[in-house]
Amino acid sequence: MSDRAEHVVIMGPQGAGKGTQAALVAPELRLVHISTGDLFREVRKADTELGREIRDYYDRGALVPDELTIRMLSARLDEVMQQDAGIRGALIDGFPRTQAQAEALDRMVADRGERIAAVVLVDVPRERLVERLSGRLICSNCGATYHRVFNPPKESGRCDVCGGTLEQRSDDTPEAVERRLAIYYEQTAPILDYYQTAGLLVTVNGDQPIDDVKNAITAAVRPRFSDAE
Ligand code: ADP
Ligand code: AMP
C-alpha cells in the first residue's frame, strides 16, 4: 500500500448519480466520501450567520463563493485524514465546480504531499437529469439518496439506512434546477478538459442501472491507484 493518500474526484451534472454512487463505491475503494453539498446542507440548517449566508446561495441554486467552499473542503479533508486509519483517501463529490476550485484542489493536494488518482465523470445526457432530480428524495437525518420511481425506499417516506424522514431538497425546485444545470454546463464542465489534459479523467456511462454504474466506476478507478489491486 502506498503511504501517500490518494483521492478520487467524482464529477457530472446534477442528477448524474454522484451521491448515489459515492455511497456505494467509497467503502469498496477504501475512500471516505466528502460531499461539499452535504457539508452545506448541514451548515444551512443552523440558525447562525454562516447558516443564513449559505441558505441564501443554496436555495437559489447558486454557487457558494469559492473562498468559503475551499476552506470548508480543506477543513473536512484534514478531519477525515486524521481520523480514519486504513483509508486510502477521499472520494470528493461536488467539488471542484469552477476552474479556480480545480486549481485550489491541486494546490491543497500538493501541499499535503498527496495525489489525485483519478477524476470520474458520470456521464448522463441532459434530458435524463430533470426526471431524476424531480423525483429525488433525501433522508433528512443521514442524507441517503432515493428516487420515487428509480430507487424507492423499502417503506414509503422512511430511510432504509437510519429510519429518518425522507424529503425533497429545497434546491430541487424547477427554477433552482435550471440554474444549477446552467452553471454546471457553463462553469463546471470546462474543467473536464483540464483533467483530461492531466491524464486523470475516466468517463463512465451513468445512464444505466445503479449497480452497473457502480461496477463500471470501480473497474475504471482501481487501476489508477499506485498499488493497483
Ligand atoms: P447527484 O449527486 O449527481 O446530483 P444523485 O445521486 O442525488 O445525483 O441522484 C439523482 C437522482 O437520480 C436520485 O433520485 C437517485 O436516486 C437517482 N439515480 C441515481 N442513479 C441513478 C441511475 N443509475 N438510474 C436511475 N436513477 C438514478
Ligand atoms: P450538490 O449537493 O453537490 O448538488 O450541491 C448543492 C448546492 O451546494 C449547490 O447548488 C451550491 O449551492 C452548493 N455547493 C456544493 N458544492 C459547491 C462547490 N464546490 N462550490 C460552490 N457551491 C457548492
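Counting starts at 1 for both ligands and their atoms, following the listed order.
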Gln208, Arg169, Gln14, Arg132: member with heavy atom nearest to atom 20 (N) of ligand 1: Arg132

Ligand 1 contact by Gly37, heavy-atom criterion under 4.0 angstrom: no

Proximity flag Ala16 to ligand 1, non-hydrogen atoms under 4.0 Å: yes

Check whether any N or O atom of [X], backbone or side chain, sits under 3.5 Å from an N or O atom of ligand 1, and answer yes or no.
X      : answer
Gly15  : yes
Phe150 : no
Gly17  : yes

Short N-O contact, [X] and [Y], less than 4.0 angstrom:
X      : Y      : value
Arg71  : Glu67  : yes
Asp172 : Arg180 : yes
Asp47  : Arg52  : yes
Glu6   : Arg115 : yes
Lys214 : Glu28  : yes
Asp227 : Arg88  : yes
Asp78  : Arg112 : yes

Please could you name the atoms of ligand 1 that [X] approaches to less than 4.0 Å, counting only its heavy atoms?
X      : result
Pro13  : 3 (O)
His147 : 14 (O), 16 (O)
Tyr146 : 13 (C), 14 (O), 16 (O)

Residue, atom name and distance, where the atom is the protein heavy atom closest to atom 15 (C) of ligand 1: Thr20 OG1, 3.7 Å

Part of Gln21 within contact of ligand 1 (heavy atoms, under 4.0 Å): neither

In a simple table, one pair per line, please give the protein and ligand 2 atom names for every N or O pair closer than 3.5 Å, along with the distance.
residue	atom	partner	partner atom	Å
ligand 2	2 (O)	Arg41	NH1	2.9
ligand 2	2 (O)	Arg41	NH2	3.1
ligand 2	2 (O)	Arg169	NH1	3.3
ligand 2	2 (O)	Arg169	NH2	3.3
ligand 2	3 (O)	Arg97	NH1	3.1
ligand 2	3 (O)	Arg97	NH2	3.2
ligand 2	4 (O)	Arg97	NH2	3.4
ligand 2	4 (O)	Arg169	NH2	3.0
ligand 2	5 (O)	Arg97	NH2	3.3
ligand 2	12 (O)	Ala62	O	2.6
ligand 2	16 (N)	Thr36	OG1	2.8
ligand 2	16 (N)	Gly94	O	3.3
ligand 2	16 (N)	Arg97	NH1	2.9
ligand 2	19 (N)	Gly94	O	2.9
ligand 2	19 (N)	Gln101	OE1	3.0
ligand 2	20 (N)	Gln101	NE2	2.9
ligand 2	22 (N)	Val64	N	3.0

Going hydrophobic residue to hydrophobic residue with side-chain gaps under 4.5 angstrom, can you get from [X] over to [Y]?
X      : Y      : result
Phe150 : Val124 : no
Leu137 : Leu129 : no
Ile183 : Leu105 : no

Gln168 backbone acceptor or donor facing Arg136 side chain under 3.5 Å: no

